[in-house]
Amino acid sequence: MPKPKYQQIIWDWNGTLLNDAWLCYEITSEQLKALDHPGLTFDEYRDTFGHTVYDFYRRIGVNISRSKFSELAERFHSRYLERLSECSLHEGILDILSEFQKLGISQYILSAHPEDLLLKTIEKHGISHFFSGISGQK
């Protein structure tokens, strides 16, 4: 077998391995409705979303104070945690992770997701054995 071109892969978690974009969209849509914003389609959300989230809200025409945004962020995270168990891995990801492992390629996760929750969620999905390292927000 030829040596793989890459020796390491660094994965993102949210939206890349974990299929949670739909959940983030649903929660954001709830928040936009409460702010009397006309809302976005899922494609508009995906095309527009980015960090900082405060800047995302400004890009889509929501003019809110930092303190109001902090309240929104807290509610978002609370709703996200309530529904996180509804999220699954993207279809086919287990085969992809397994194939890279067979090729001897080291795999890592680097995420802005809180590290303690990240580790629990990865363990719940039974995929921690694929990774040489996992790092989230401390």
Side-chain angles (χ1 to χ4, degrees):
M1 179 177 353
K3 183 177 177 182
K5 183 176 179 179
Y6 300 100
Q7 296 176 359
Q8 300 175 341
I9 295 175
I10 300 173
W11 294 98
D12 178 46
W13 178 241
N14 298 95
T16 304
L17 298 176
L18 184 69
N19 183 6
D20 68 346
W22 65 270
L23 176 58
C24 295
Y25 170 72
E26 283 186 12
I27 297 168
T28 300
S29 294
E30 291 170 6
Q31 291 186 322
L32 291 176
K33 186 175 182 180
L35 293 169
D36 294 325
H37 185 278
L40 303 169
T41 67
F42 184 70
D43 287 339
E44 290 170 332
Y45 171 79
R46 287 178 58 136
D47 290 345
T48 311
F49 184 80
H51 291 278
T52 70
V53 178
Y54 180 77
D55 289 336
F56 160 71
Y57 273 92
R58 294 186 62 89
R59 279 194 303 279
I60 62 170
V62 176
N63 189 12
I64 56 174
S65 67
R66 290 274 183 189
S67 61
K68 178 70 172 172
F69 174 75
S70 292
E71 292 172 23
L72 283 176
E74 283 183 37
R75 268 186 279 158
F76 178 94
H77 289 105
S78 176
R79 293 282 293 136
Y80 182 87
L81 289 175
E82 288 171 8
R83 298 186 60 195
L84 179 58
S85 64
E86 298 175 37
C87 297
S88 61
L89 299 174
H90 276 285
E91 186 175 326
I93 202 65
L94 290 176
D95 293 334
I96 293 168
L97 294 172
S98 182
E99 190 59 33
F100 285 136
Q101 187 178 54
K102 286 178 194 170
L103 291 171
I105 298 173
S106 300
Q107 300 179 83
Y108 302 85
I109 293 178
L110 179 61
S111 177
H113 207 73
E115 190 168 278
D116 58 339
L117 182 59
L118 177 65
L119 293 169
K120 288 177 191 172
T121 309
I122 289 169
E123 190 62 38
K124 174 191 168 266
H125 288 285
I127 60 170
S128 58
H129 65 281
F130 288 113
F131 303 101
S132 299
I134 299 169
S135 183
Q137 189 175 40
K138 306 236 189 263

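Computation of the quantities below employed the complete heavy-atom set of this structure, encompassing side-chain atoms and omitting hydrogens, waters and symmetry-equivalent molecules. Since we're looking at a predicted model, the values are computed, not measured.
Residues meeting the side-chain hydrogen bond (donor to acceptor under 3.5 Å, both in side chains) test with W13, sequence neighbours left out: none. The side chain to side chain contact (heavy atoms under 4.5 Å, CB included) check on L94 picks up L89, I127, F130, with sequence neighbours excluded. For the side chain to side chain contact (heavy atoms under 4.5 Å, CB included) test, residues two or more places apart in sequence or in another chain that qualify with E99 are K102, L103. N19 pairs by the side-chain hydrogen bond (donor to acceptor under 3.5 Å, both in side chains) definition with nothing, not counting sequence neighbours. Residues meeting the side-chain hydrogen bond (donor to acceptor under 3.5 Å, both in side chains) test with N63, sequence neighbours left out: R58. Applying the side chain to side chain contact (heavy atoms under 4.5 Å, CB included) rule to D116 yields the partners P114; only residues at least two apart in sequence or on another chain are considered. Here S85 pairs with nothing under the side-chain hydrogen bond (donor to acceptor under 3.5 Å, both in side chains) rule; sequence neighbours left out.
Listed by first and then second residue, the salt bridge (Lys or Arg N to Asp or Glu O under 4.0 Å) pairs that reach into residues 18-30 are E26-R83, E30-R79, sequence neighbours excluded. Residues in residues 124-138 take part in these side-chain hydrogen bond (donor to acceptor under 3.5 Å, both in side chains) pairs, two or more places apart or across chains: E115-K138, E123-S128. Applying the ring pair (Phe, Tyr, Trp, His ring centres under 6.0 Å) test to every pair with at least one member in residues 89-110, sequence neighbours left out, gives no pairs at all. Applying the side-chain hydrogen bond (donor to acceptor under 3.5 Å, both in side chains) definition to pairs two or more places apart or across chains, those involving residues 67-78 are S65-S67.
Within the 4.5 Å cutoff, side-chain heavy atoms of Y80 are placed close to those of I27. Annotation: side chain of Q107 is in contact with side chain of Q101 (closest heavy-atom distance under 4.5 Å). Residues L81 and L117 are in side-chain contact: their nearest non-hydrogen atoms beyond the backbone lie under 4.5 Å apart.
Between the side chains of D95 and S98, no donor-acceptor pair of N or O atoms lies under 3.5 Å.
Through direct or relayed side-chain contacts under 4.5 Å between Ile, Leu, Val, Met, Phe, Trp and Tyr, F56 connects to Y25, L32, L35, L40, F42, Y45, F49, V53, Y54, Y57, I60, V62, I64, F69, L72.
Formation of a donor-acceptor pair under 3.5 Å by the E44 side chain with backbone atoms of T41 is found in this model.
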